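Remember, it's a predicted structure, so these values are computed and weren't measured experimentally.
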Amino acid sequence: MSGSQLWHDVDDYFITRLSPDDEALRAALRESEAAGLPPIAVTAAQGKFLQLLAQLQGARTILEIGTLGGYSTIWMARALPEDGRLVSLEYSAKHAEVATRNIARAGLERIAEVRVGPALESLPKLADENPAPFDLVFIDADKANNGHYVEWALRLTRAGSVIVLDNVVREGRVADASSTAPDVAGTRAAIDLIATHPRLDGTAIQTVGGKGYDGFALARVLG
């Protein structure tokens, strides 16, 4: 058995027992595929991880940068109380339309909203609204801007908030200091910021599974 097949099999085992989906989640993936969205949503295990993290955090507000079809949005929004709020920023109007339908199907339209446009334009507008600090920020958008997204996450959070940055391994290329690829440069900028900023303390974890070889960074906002 190949390593990648074993990763899939183990993922399937854990998901079946610990992160079973339901019709709303399955429909979100079906609708995303039917609309031609890229198959890059988090796995069910990763979605459950985000949900548990939000619950452990006691989150009432969540910011998501990168919506895609709303699959991860649904997982996280389900962790919020009825008066909670999740704001998800999505570049593509097509993706946002699919996500909005999926969120409504899951009965979460009063909690989760999708805003369309480049995140680096949406984030200043969001800041101008002077929202309550976000308890959890999940960053899963264009990797070239990861450093900028972490900077904005800092502005929109408080001491004790948590920032999760997805897909940081870049198939191992993140360790290649000579790489000039935008996704690698952006991810390294984010990791460097987490490592050096006085208001951040974090780590990064390599993972294998249904999405292959990858990983995420986790940071806590300090006072």
Side-chain angles (χ1 to χ4, degrees), residues 8 11-12 14-16 18-55 59 61-80 84-123 126 134 136-146 149 152-153 163-170 183 186-187 207 209-212 214-216:
H8 278 275
D11 241 14
D12 289 343
F14 286 137
I15 288 170
T16 300
L18 301 173
S19 310
D21 59 10
D22 55 30
E23 180 52 30
L25 288 164
R26 289 191 292 271
L29 293 178
R30 286 199 308 269
E31 292 297 318
S32 296
E33 181 180 9
L37 274 60
I40 55 175
V42 300
T43 65
Q46 292 165 342
K48 183 66 175 292
F49 171 80
L50 291 168
Q51 186 181 90
L52 287 170
L53 188 61
Q55 291 170 333
T61 55
I62 297 174
L63 172 62
E64 179 179 46
I65 303 176
T67 316
L68 195 62
Y71 184 75
S72 56
T73 316
I74 293 170
W75 276 107
M76 291 187 291
R78 286 177 169 178
L80 294 175
R85 182 190 189 200
L86 188 154
V87 178
S88 190
L89 309 180
E90 172 54 46
Y91 175 83
S92 166
K94 176 183 177 181
H95 294 182
E97 182 180 351
V98 173
T100 299
R101 291 199 303 268
N102 288 333
I103 290 166
R105 186 187 299 107
L108 296 165
E109 66 272 21
R110 293 185 180 180
I111 292 176
E113 64 170 306
V114 182
R115 300 189 179 190
V116 183
L120 292 180
E121 295 179 9
S122 299
L123 286 163
L126 177 61
F134 289 96
L136 175 65
V137 179
F138 178 48
I139 301 171
D140 190 12
D142 57 306
K143 311 310 174 187
N145 283 311
N146 273 340
Y149 296 148
W152 272 107
I163 301 169
V164 181
L165 181 64
D166 203 10
N167 307 128
V168 298
V169 171
R170 314 312 300 154
D183 63 326
T187 299
T207 62
K211 295 298 181 182
D214 209 330
F216 65 91

R85 and L80: side chain to side chain contact (heavy atoms under 4.5 Å, CB included), yes or no, with the steps?
CA-CA 7 Å; R85 182 190 189 200; L80 294 175; 5.7 Å; no
Non-hydrogen atoms of [X] and [Y] that approach each other most closely:
X: A119; Y: I65; answer: CB-CG2, 3.8 Å
X: L86; Y: A77; answer: CD1-N, 3.8 Å
X: A79; Y: A54; answer: CB-CB, 3.7 Å
X: A28; Y: R105; answer: N-NH1, 4.3 Å
X: L68; Y: A41; answer: CD2-N, 3.6 Å
X: G215; Y: T207; answer: N-OG1, 3.4 Å

W152 and side-chain contact (heavy atoms from CB on, under 4.5 Å): which partner among L120, N145, L126?
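Looking at L120, N145, L126, the match for W152 under the side-chain contact (heavy atoms from CB on, under 4.5 Å) is L120.
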Using the side-chain contact (heavy atoms from CB on, under 4.5 Å) definition, which of the options L123, T67, V116 pairs with L89?
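Of the listed residues L123, T67, V116, the side-chain contact (heavy atoms from CB on, under 4.5 Å) partner of L89 is L123.
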Evaluate side chain to side chain contact (heavy atoms under 4.5 Å, CB included) for S32 paired with Y71, printing each intermediate quantity in order.
CA-CA 9 Å; S32 296; Y71 184 75; over 6 Å; no
Sidechain N-carboxylate O distance under 4.0 Å for E23, R30:
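Looking at R30 together with E23, the answer is yes, because their closest N to O distance falls below 4.0 Å.
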With the threshold set at 4.0 Å, does a side-chain nitrogen-carboxylate oxygen contact exist between D166 and K211?
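Salt bridge between D166 and K211, a charged N being under 4.0 Å from a carboxylate O: no.
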Might you confirm whether atom [atom1] of [X] has over 12 heavy atoms from other residues, nucleotides or ligands at distances under 6.0 Å?
X: F216; atom1: CZ; answer: yes
X: R110; atom1: CZ; answer: no
X: E33; atom1: CD; answer: no

Can you tell me how far the [atom1] atom of [X] sits from the [atom2] atom of [Y], to the nearest 0.5 Å?
X: Q51; Y: M76; atom1: CD; atom2: CE; result: 10.0 Å
X: L165; Y: I139; atom1: CG; atom2: CD1; result: 5.5 Å
X: S19; Y: F49; atom1: OG; atom2: CZ; result: 11.5 Å
X: W75; Y: L25; atom1: CH2; atom2: CG; result: 5.5 Å
X: Q46; Y: L53; atom1: CD; atom2: CG; result: 13.0 Å
X: T73; Y: N102; atom1: OG1; atom2: CG; result: 9.0 Å

So do the side chains of F134 and V87 get within less than 4.5 Å of each other, counting heavy atoms only?
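In contact.
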Decide yes or no for L29 and P39: does some side-chain heavy atom of the first lie under 4.5 Å from some side-chain heavy atom of the second?
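Result no, sub-4.5 Å side-chain heavy-atom pair not found.
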Tell me, with the steps shown, if N146 and K143 meet side chain to side chain contact (heavy atoms under 4.5 Å, CB included).
CA-CA 5 Å; N146 273 340; K143 311 310 174 187; 3.7 Å; yes
Give a yes or no answer on whether the side chain of D142 reaches the backbone of A144 with a donor-acceptor pair at less than 3.5 Å.
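Judged by distance alone, no pair lies under 3.5 Å.
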